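Here's the structure, in structure tokens; my notes come after.
Model, not experiment: these values are computed from the prediction. Just so you know, these numbers use all the heavy atoms, side chains as well, and skip hydrogens, waters and symmetry mates.
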Amino acid sequence: MTSSSPTPMPFPHFHYRDVSLGIGTLWTHLMFPLWFWIGGQEVQVSASHQHFHPHSIKIPGDITLGGLFPIHARGPHGLPCGELKKEKGIHRMEAMLYTLDQINSDPELLPNITLGARILDTCSRDTYALEQSLTFVQALIQKDTSDIRCSSGEPPIIRKPERVVAVIGASASSVSIMVANILRLFEIPQVSYASTAPELSDNNRYDFFSRVVPPDSYQAQAMLDIVKALGWNYVSTLASEGNYGESGVEAFMQISREAGGVCIAQSVKIPREPTSGEFDKIIKRLMETSNARGVIIFANEDDIKRVLEAAERANLTGHFLFVGSDSWGAKSSPITELEDVAEGAVTILPKRASIDGFDQYFMSRSLQNNRRNIWFAEFWEDDFRCKLTRPGIKLDPDKKKCTGNERIGRDSSYEQEGKVQFVIDAVYAVAHALHNMHQDLCPGSFGVCSNMDPVEGRLLLNYIRAVNFNGSAGTSVVFNENGDAPGRYDIFQFQMTNHSHPGYHVIGQWTNNLRLNVEEMQWSGGDKSVPESICSFPCKPGERKKMVKGVPCCWHCELCDGYQYQLDEFTCETCPSDMRPTLNRTTCHPTPIIKLEWNSPWALVPTSIALLGILATSAVVITFIRFNDTPIVRASGRELSYVLLTGIFLIYLMTFLMIAEPGVVVCAFRRLLLGLGMAITYSAMLTKTNRIYRIFEQGKRSVTPPKFISPASQLIITFILISVQVLGVFVSFAVVPPHTIIDYEELRPPNPDLARGILKCDMSDLSIICCLSYSIVLMVTCTVYAVKSRGVPETFNEAKPIGFTMYTTCIVWLAFVPIFFGTAQSTEKMFIQTATLTVSMSLSASVSLGMLYLPKVYVIVFHPEQNVQKRKRSFKAVVQVARLSQKSLTEKQNGEMKIEPDRTQ
């Protein structure tokens with residue numbers, strides 16, 4: 001064949017419709033191979049590829065179907081094809097041949113019409129599959145051959161390629177997408193038996209694509225349901241680069257985001273051409289989130305095998321819990337010699353059934369009766385691990401020679417590949433569509449009529465989408481408006497131990513909802529308990545979840561501390577002031593209420609002192625009453641002494657009121673007597689010291705005695721001073737009536753177990769000081785007069801003892817103030833302050849009692865001879881003594897002389 005012009009071949013002209021071609025389509029057209037018959041020889045002109053493997057199987061027929069199968073794996077660098085794929089390649093391709101035989105022998109389906117086929121090897125590579133699939137569209141391209149002449153000058157006889165009306169395939173989603181883009185341009189329907197990428201459901205982009213397997217959106221939903229049923233909420237995803245893997249993972253992630261409850265720890269993509277060590281890096285990356293043991297894997301079986309190998313190298317057997325898509329399914333090839341790593345893997349596969357007819361067909365295949373399969377010899381060598389002899393090729397001494405008498409299933413293991421059923425259903429779907437089309441377009445005709453020559457692609461697509469028949473597994477084969485099959489899946493688990501038949505076992509199914517038999521599942525080592533794949537373990541009672549930003553399944557557990565309890569799983573709330581959290585901090589319960597008990601050391605010491613004081617005071621009173629008319633009792637001022645002793649008695653009595661259980665009555669008496677006893681005592685002392693001071697001061701100026709020095713006057717003055725205290729107390733009663741409170745703040749330490757509510761009278765520290773303030777004023781005034789009267793001779797009345805009493809009392813109360821207010825932050829504040837107050841009051845009363853009255857009682861009881869009447873002094877004698885004392889003091893200050901006081905008067 002020669003060309004009359006050196007000009008290149010023109011671009012193909014599309015006679016059936018106008019097509020707008022982009023740059024990508026122009027490139028595709030440049031790749032078109034041309035088939036010529038010259039001298040009876042078929043010649044292929046293609047600049048696209050040269051390769052070792054045969055290209056296609058041709059089955060003659062009235063109507064030709066295309067077939068795309070991954071007969072070989074992806075080849076290493078520089079080569080399009082690699083090793084033979086026995087299951088996904090040969091099994092599936094033979095399933096199409098088997099189905100064609102069944103249809104062609106069926107008198108009811110397409111009678112008098114023979115289906116043929118052109119079957120191509122995709123070599124598991126999308127670009128290579130695209131080149132191969134251009135074979136299907138050659139018949140639709142008009143070629144200008146006017147400039148082509150034979151050597152004789154005659155026009156060449158060009159064989160017209162067979163017209164492919166529909167294509168069965170492909171297997172991988174990436175391949176189907178690549179092929180679908182070219183087939184839709186020529187309106188050739190495509191029915192896949194294994195491509196599940198959700199992207200292919202887009203009826204606008206892939207309008208001529210249909211499939212008998214459900215899309216990965218259904219599969220992703222089923223896998224998400226499995227993850228949730230196992231109680232996992234933190235998983236990683238692993239996808240092979242390409243449409244199938246990436247779109248499957250994307251569907252899973254999108255559905256999990258919409259449904260909630262499952263988070264993605266890592267989303268790892270396996271490169272299309274992985275470098276050395278790539279899979280080890282992938283395992284290392286997955287281990288960065290080691291809690292995410294569950295791995296959702298959308299990958300081809302080659303990548304699955306390499307992932308398992310890398311996990312085994314990393315000594316992580318049993319760590320990862322794989323949930324595999326239908327590309328893993330129930331295949332044995334990805335897990336061969338890696339069973340320990342794959343143990344427990346849960347896989348999913350569109351619901352299928354083993355086709356007994358195909359088993360009988362395939363196991364009867366031999367080198368003699370299966371010559372139409374150009375790859376069968378290669379399969380034979382691989383399956384039986386032998387070598388066929390070929391002319392000119394030396395036999396490898398390490399391999400045995402094939403005899404040809406081997407039998408599949410007898411001399412080699414055989415298990416029907418999982419997608420065989422779907423290959424059969426895909427071919428039958430096209431056959432039923434053609435049958436229905438033939439009945440409508442060619443009624444009563446035998447064979448293909450003119451209305452079906454050629455078969456219009458879009459019309460055939462409508463018939464394909466409308467089919468509804470029982471498939472090879474007994475389930476209906478139907479398509480929705482996007483060309484998708486309904487979702488029906490079997491759930492498998494690969495089990496090894498505790499089972500009579502190690503391998504894949506059905507543990508459930510999914511048809512729009514999941515039915516999973518968890519009790520039939522077993523994991524690494526035969527363990528029946530479901531392992532965990534969670535980001536964070538559930539928080540303990542009393543702990544709240546603090547979420548990790550951007551990862552809703554991960555959280556940190558924070559203890560509800562202090563007085564907080566767990567309101568809900570995310571919130572800690574503070575207990576009310578009268579309550580404290582329970583031990584597990586899930587709720588609050590009332591805070592125990594306490595009061596100062598009589599048996600407490602804080603009560604025993606003050607009450608003991610007060611009791612002794614009361615006994616001593618009673619003894620003094622009894623003694624004074626008994627010796628009421630004796631000179632010592634009369635000289636001490638009987639009237640004021642009894643008033644003063646009453647005040648001292650009330651001071652001691654106050655200790656018991658301060659410790660008694662608070663109540664309205666007790667609180668009223670506390671407020672009344674707290675300052676009253678001291679007011680009575682110091683009012684009487686102040687009256688005495690004031691009387692002495694006025695007498696001696698008056699004696700220095702004149703012989704006229706001062707006013708109001710009689711006993712009656714002294715009592716009136718004392719009661720006037722006392723009435724001020726009483727009036728103030730009753731005013732406070734009117735403003736704030738006495739009542740009890742439970743103070744929950746005073747004893748509320750950081751540890752809530754030690755928290756207590758304190759039952760006490762409603763008297764603050766300030767109110768206590770206010771009750772005592774008037775008594776303190778009396779005490780200070782009395783002290784001032786005692787200081788001023790310090791020059792009075794010792795033989796005159798009680799000036800000096802009262803002075804010492806007031807000095808000591810001031811010291812006691814000066815010590816009281818820092819102790820009382822310094823314990824404000826103590827956890828035992830009430831006890832310390834009560835004890836401090838009562839002891840201070842008892843000490844001040846004891847000082848008064850001891851210095852003023854015990855010496856007199858001592859003389860009265862033990863030295864009655866001293867308790868006699870002495871010469872009565874007149875006011876003139878007092879004046880004389882006062883003047884002598886003043887003169888003596890003056891001379892002493894001048895240093896002239898020292899005069900002893902006259903003690904004879």
Side-chain angles (χ1 to χ4, degrees), residues 85-88 91 194 219 222-227 229-232 235-238 240 248 252 279 283 286 292-354 413-420 489-510 514-533:
K85 302 179 79 169
K86 295 191 296 182
E87 296 172 340
K88 291 181 68 173
H91 283 209
Q219 184 175 196
M223 296 171 79
L224 178 63
D225 290 347
I226 292 170
V227 168
L230 295 175
W232 300 347
V235 296
S236 296
T237 62
L238 192 56
S240 291
F252 180 87
F279 289 91
I283 294 297
L286 291 177
R293 296 180 61 189
V295 178
I296 310 303
I297 182 165
F298 282 83
N300 59 60
E301 58 186 271
D302 296 332
D303 289 343
I304 293 170
K305 188 177 185 68
R306 295 177 189 178
V307 168
L308 298 178
E309 290 172 344
E312 185 179 47
R313 287 194 299 271
N315 293 321
L316 292 173
T317 298
H319 175 79
F320 293 111
L321 311 168
F322 295 101
V323 179
S325 63
D326 61 346
S327 61
W328 185 334
K331 297 185 184 73
S332 58
S333 57
I335 62 172
T336 302
E337 298 180 356
L338 296 166
E339 289 82 359
D340 289 343
V341 187
E343 185 177 8
V346 177
T347 60
I348 189 171
L349 196 62
K351 198 168 185 64
R352 61 171 186 166
S354 182
S413 61
Y414 166 74
E415 182 180 359
Q416 188 178 123
E417 200 275 333
K419 294 292 196 302
V420 163
Y489 295 97
D490 283 326
I491 313 298
F492 296 86
Q493 187 182 40
F494 182 72
Q495 301 175 357
M496 287 183 60
T497 56
N498 300 331
H499 210 289
S500 56
H501 299 288
Y504 294 97
H505 296 275
V506 178
I507 56 169
Q509 53 185 330
W510 190 93
L514 177 67
R515 292 186 296 276
L516 187 67
N517 299 320
V518 179
E519 64 277 1
E520 295 183 8
M521 302 179 73
Q522 61 183 35
W523 307 87
S524 180
D527 189 5
K528 286 284 187 179
S529 59
V530 179
E532 294 178 325
S533 181

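A 6.0 Å sphere centred on CD of Glu337 holds no more than 12 heavy atoms belonging to other residues, nucleotides or ligands. A 6.0 Å sphere centred on CD of Glu339 holds more than 12 heavy atoms belonging to other residues, nucleotides or ligands.
Atom CD of Glu417 and atom NZ of Lys86 lie 12.5 Å apart (nearest 0.5 Å). Between the CG atom of Leu224 and the CD atom of Gln219 there is a distance of 12.5 Å, given to the nearest 0.5 Å. Once rounded to the nearest 0.5 Å, the distance linking CD1 of Ile283 with CD of Glu312 reads 11.5 Å. In this structure, Ser236 OG and Ile297 CD1 are separated by 11.5 Å, a value rounded to the nearest 0.5 Å. Atom CZ of residue Phe298 and atom CG of residue Leu238 lie 11.0 Å apart, to the nearest 0.5 angstrom. Going from atom OG1 of Thr237 over to atom CG of Leu286 covers 9.0 Å, rounded to the nearest 0.5 Å.
Of all non-hydrogen atoms in Glu301 and Ser327, the two that sit nearest each other are CB-O, 4.5 Å. In terms of heavy-atom proximity, Gly344 sits nearest to Trp523 at O-CZ3, 3.3 Å. Taking all atoms of both residues into account, the shortest heavy-atom contact from Met223 to Phe252 is C-CE1, 4.0 Å. When every heavy atom of Ile304 is checked against every heavy atom of Ala299, the shortest pair comes out as CD1-O, 3.4 Å. For Ile335 against Phe494, the heavy-atom pair with the smallest separation is CD1-CE1, 3.2 Å. The two atoms that bring Gln416 and Ala353 nearest to each other are OE1-O, 4.0 Å, heavy atoms only.
Side chain of Gln493 to backbone of Val346: no donor-acceptor contact under 3.5 angstrom is found. Of the possible polar contacts, none joining the Arg515 side chain to the Gly508 backbone as a donor-acceptor pair under 3.5 Å is found. In this structure, the side chain of Gln495 engages the main chain of Glu520 through a donor-acceptor pair within 3.5 Å. Checked by atom type and distance alone, the side chain of Ser533 never pairs as donor or acceptor with a backbone atom of Val235 at under 3.5 Å. Asp326 places no side-chain N or O within donor-acceptor distance of the main-chain N or O of Gly329, the cut-off being under 3.5 Å.
Under the 4.5 Å side-chain criterion, counting only non-hydrogen atoms from C-beta, Val530 is not in contact with Met521. A heavy-atom distance below 4.5 Å is found between the side chains of Tyr414 and His91. At least one side-chain heavy atom of Phe279 sits less than 4.5 Å from a side-chain heavy atom of Asp303. Using a 4.5 Å heavy-atom threshold, the side chains of Leu349 and Tyr504 count as separate. In this structure, Lys305 and Thr336 have side chains that are in contact, with non-hydrogen atoms separated by less than 4.5 Å.
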### Message
As a quick check of understanding, evaluate salt bridge (charged side-chain N to carboxylate O under 4.0 Å, His left out) for Lys331 and Glu87, giving each step before the final call.
### Response
CA-CA 8 Å; Lys331 297 185 184 73; Glu87 296 172 340; over 6 Å; no
### Task
Take Ile296 and Trp232, measure what side chain to side chain contact (heavy atoms under 4.5 Å, CB included) needs, and give me the verdict at the end.
CA-CA 12 Å; Ile296 310 303; Trp232 300 347; 5.8 Å; no
### Task
Check the pair Arg352, Val420 against side chain to side chain contact (heavy atoms under 4.5 Å, CB included), reporting the backbone distance first and the verdict last.
CA-CA 9 Å; Arg352 61 171 186 166; Val420 163; over 6 Å; no
### Message
Please determine whether side chain to side chain contact (heavy atoms under 4.5 Å, CB included) holds for the pair Leu230 and Leu516, giving the CA-CA distance in whole Å, both sets of side-chain angles, and the decisive distance to 0.1 Å.
### Response
CA-CA 9 Å; Leu230 295 175; Leu516 187 67; 4.3 Å; yes
### Task
Applying side chain to side chain contact (heavy atoms under 4.5 Å, CB included), run through Val307 and Val295 and close with a yes or a no.
CA-CA 11 Å; Val307 168; Val295 178; over 6 Å; no
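No side-chain donor from either of Thr317 and Asp340 sits under 3.5 Å from a side-chain acceptor of the other.
In this structure, Trp510 and Tyr489 have tilted ring planes: the angle between them lies in the 30° to 60° band.
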